Enquirer: 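Let me give you the structure first, and then I'll get to my questions.
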Number of protein chains: 2
Amino acid sequence: MPEKRAEILDVAIALADERGLAAVSMRAVAERVGVTPMALYPYIGNKAALLDGMLGRLLGRLLLPAGEEAAGEPRPAASGEGPWPDRLTAIARSGRAMVIAHPWAAGLVFARPAVTPDSVRAVDLLYTALLDAGVPAPEVPRLERMLSTVVIGFAASEAGGRFGSEEDPRSYRGLLPSGVLPGHARLTASLDRRVDWDAEFEADLADLQVLITAIARRGAGPVPGPAGPGRQRG
Amino acid sequence: MPEKRAEILDVAIALADERGLAAVSMRAVAERVGVTPMALYPYIGNKAALLDGMLGRLLGRLLLPAGEEAAGEPRPAASGEGPWPDRLTAIARSGRAMVIAHPWAAGLVFARPAVTPDSVRAVDLLYTALLDAGVPAPEVPRLERMLSTVVIGFAASEAGGRFGSEEDPRSYRGLLPSGVLPGHARLTASLDRRVDWDAEFEADLADLQVLITAIARRGAGPVPGPAGPGRQRG
DNA sequence: ACCTGAACACCGTTCAAGT
DNA sequence: ACCTGAACACCGTTCAAGT
């Protein structure tokens with residue numbers, strides 16, 4: 001990565017952190033770099049490539065082997081050491097921490113193929129953990145996509161507002177008396193509690209480990225389970 | 001919903017379907033409606049509210065009780081009849097079909113709280129299905145968020161390109177010889193297959209049903225499982 | 001009550017020109 | 001090799017004015 005390109009991307013990331021993705025314009029980035037908008041193009045290509053580059057740089061930091069110039073960033077994901085549940089948990093927490101630290105990145109992750117060298121390395125860590133858990137090889141890529149979708153989707157929902165804020169528990173109440181929300185009516189006690197998102201994320205991770213263990217178990221035995229397409233032992 | 005507002009939103013949706021979300025400008029929508037950009041503001045509010053309104057209108061169509069003026073739209077989600085796995089599957093398929101029919105909607109779902117009347121009704125269908133499956137009440141809202149995150153995230157990944165296209169299986173090969181991708185090296189046979197996304201979605205749904213059943217089982221028994229935070233029977 | 005027209009402060013990107 | 005300046009075709013939104 002040419003040094004100038006890295007500088008431009010870091011300026012753009014800082015701008016997005018401070019004022020949101022909408023504030024990241026070629027003109028605004030150029031001004032912070034101290035240059036004319038047109039001077040960015042040889043290094044960046046265009047606006048879409050600028051956004052790709054910003055995301056790629058975050059992913060690169062995420063995978064640094066602990067304490068390499070990533071000051072102020074969330075701890076990088078552990079590499080291939082330790083029991084598989086610990087490795088899965090570490091990667092998942094790093095991903096969520098990245099999105100919380102840079103909420104604007106959430107929307108970008110879903111929009112670009114995960115095929116940059118850095119994101120492929122992240123995927124590889126998950127592959128290895130799933131294989132070590134005993135998941136049959138033909139099911140590993142699918143399960144990796146499901147896991148990363150949950151982690152990214154959870155963080156994106158938190159950061160983007162889909163999970164809502166403090167005032168929304170009341171928003172469904174107007175629809176209750178008319179009886180159009182029978183499910184909510186059966187849950188009122190549970191719905192009025194404030195949600196601890198850290199705890200919910202950890203509970204989701206625990207449940208996914210339950211699922212992974214179940215899949216590994218049905219893959220190991222000679223008797224196929226009732227669900228899932230044809231598969232074979234890796 | 002005032003008739004003019006509905007007309008404006010439908011024009012904006014058609015524009016997004018035809019030319020992408022980036023083509024949806026106040027000016028372009030106004031031109032199609034046959035009016036000056038400023039004439040939209042009393043009905044719409046501003047650009048952000050226009051996007052919210054577009055998404056809300058899609059959600060409304062999704063929940064129509066089968067065959068009410070939703071010509072050319074994906075089949076609406078089944079209401080509260082039938083076994084819970086069928087209901088869950090129907091809602092999940094409807095959500096994915098909506099995103100495939102209107103790919104631009106994927107990015108919006110994560111960015112807005114799911115508290116409009118229509119999205120609350122969709123959530124209620126999932127609550128009811130999970131309760132009928134035997135999931136303890138305190139775990140139902142969390143599980144609903146996990147399920148909808150998987151469905152929306154899967155569809156968003158498909159529509160947005162995160163899952164990649166035909167050519168990307170080759171993209172990791174350059175990194176294999178150097179040994180930085182041990183997980184991929186153990187999976188080459190599985191990674192070279194073309195992916196059937198319909199089948200993968202169905203397999204994910206089947207696995208989520210396995211997980212739901214496991215949670216219902218541990219909630220019913222007096223012996224708590226090793227994973228998950230404190231919980232109580234509904 | 002509903003809409004228009006001009007204006008303001010922005011965009012991304014091109015092109016030809018400078019050093 | 002690297003950067004600038006002017007220009008083009010756009011944005012969302014304001015405000016005062018028209019009917």
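Atoms considered below: every heavy atom in the structure, side chains included; atoms not considered: hydrogens, waters and symmetry mates. These figures come from a predicted structure and were not determined experimentally. By convention in this document, chain letters (A, B, ...) are assigned in the order of the sequence lines, proteins followed by strands, and residues within each chain are numbered from 1.
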Enquirer: Please give me the minimum heavy-atom distance between Leu131(A) and Ala137(A), naming the atom from each residue.
Expert: CD2-CA, 4.3 Å
Enquirer: For Arg5(A) and dC2(D), what is the distance between atoms CZ and C1' respectively, to the nearest whole Å?
Expert: 18 Å
Enquirer: Closest to the Ala39(A) side chain: dG12(D), dT4(D), dT4(C)?
Expert: dT4(D)
Enquirer: Salt bridge or not between Asp10(B) and Arg61(B)? Use side-chain N to carboxylate O under 4.0 Å.
Expert: yes
Enquirer: By nearest atom, which of the nucleotides dT4(D), dT13(D), dT13(C) is closest to the Arg27(A) side chain?
Expert: dT13(C)
Enquirer: Just the rounded figure in Å: distance from P of dT4(C) to OH of Tyr41(B).
Expert: 14 Å
Enquirer: Could Arg121(B) and Asp124(B) be called an ion pair, given the rule that one side-chain N must be under 4.0 Å from one carboxylate O?
Expert: no
Enquirer: Whole Å only: how far is the CD atom of Glu7(A) from the C1' atom of dC3(D)?
Expert: 15 Å
Enquirer: Output the rounded distance in Å from CG (Leu40(A)) to C1' (dT13(C)).
Expert: 12 Å
Enquirer: With a 4.0 Å limit, can you tell me whether Tyr43(A) has a side-chain N or O closer than that to the phosphate oxygens OP1/OP2 of dC3(D)?
Expert: yes
Enquirer: Find the distance Glu31(B):CD to dT4(C):C1' and express it as a whole number of Å.
Expert: 15 Å
Enquirer: At under 4.0 Å, does any side-chain N or O of Lys4(B) touch on OP1 or OP2 of dC3(C)?
Expert: yes
Enquirer: When both hydrogen-bonding distances must be under 3.5 Å and the geometry is Watson-Crick or G-U wobble, what is dT4(C) paired with, if anything?
Expert: dA16(D)
Enquirer: With sugar-phosphate meaning primed atoms plus P, OP1 and OP2, does Met38(B) contact a base, only sugar-phosphate, or nothing at under 4.0 Å between heavy atoms?
Expert: base
Enquirer: Taking atom C1' in both dA16(D) and dC2(C), compute the distance separating them and give it to the nearest angstrom.
Expert: 15 Å
Enquirer: Would you please confirm or rule out a distance under 4.0 Å between OP1 or OP2 of dC11(C) and any side-chain N or O of Ser25(A)?
Expert: yes
Enquirer: For Arg32(A), I'd like to know if atom CZ has over 12 heavy atoms of other residues, nucleotides or ligands within 6.0 Å.
Expert: yes
Enquirer: Using whole Å, report how far CD1 of Ile44(B) lies from C1' of dC2(C).
Expert: 15 Å
Enquirer: Measure CG/Leu51(A) against P/dC11(C) and give the value in whole Å, please.
Expert: 14 Å
Enquirer: With a 4.0 Å cut-off, would you call Asp52(B) and Arg57(B) a salt bridge?
Expert: no
Enquirer: Measure from the side chain of Met26(A), starting at C-beta and using heavy atoms only, and say which of dG12(D), dG12(C), dC3(D) lies closest.
Expert: dG12(C)
Enquirer: Can you tell me the distance, in whole Å, between the CG atom of Leu21(A) and the C1' atom of dC11(C)?
Expert: 14 Å
Enquirer: Taking pairing as Watson-Crick or G-U wobble with both contacts under 3.5 Å, can you name the mate of dA9(D), or confirm there isn't one?
Expert: none
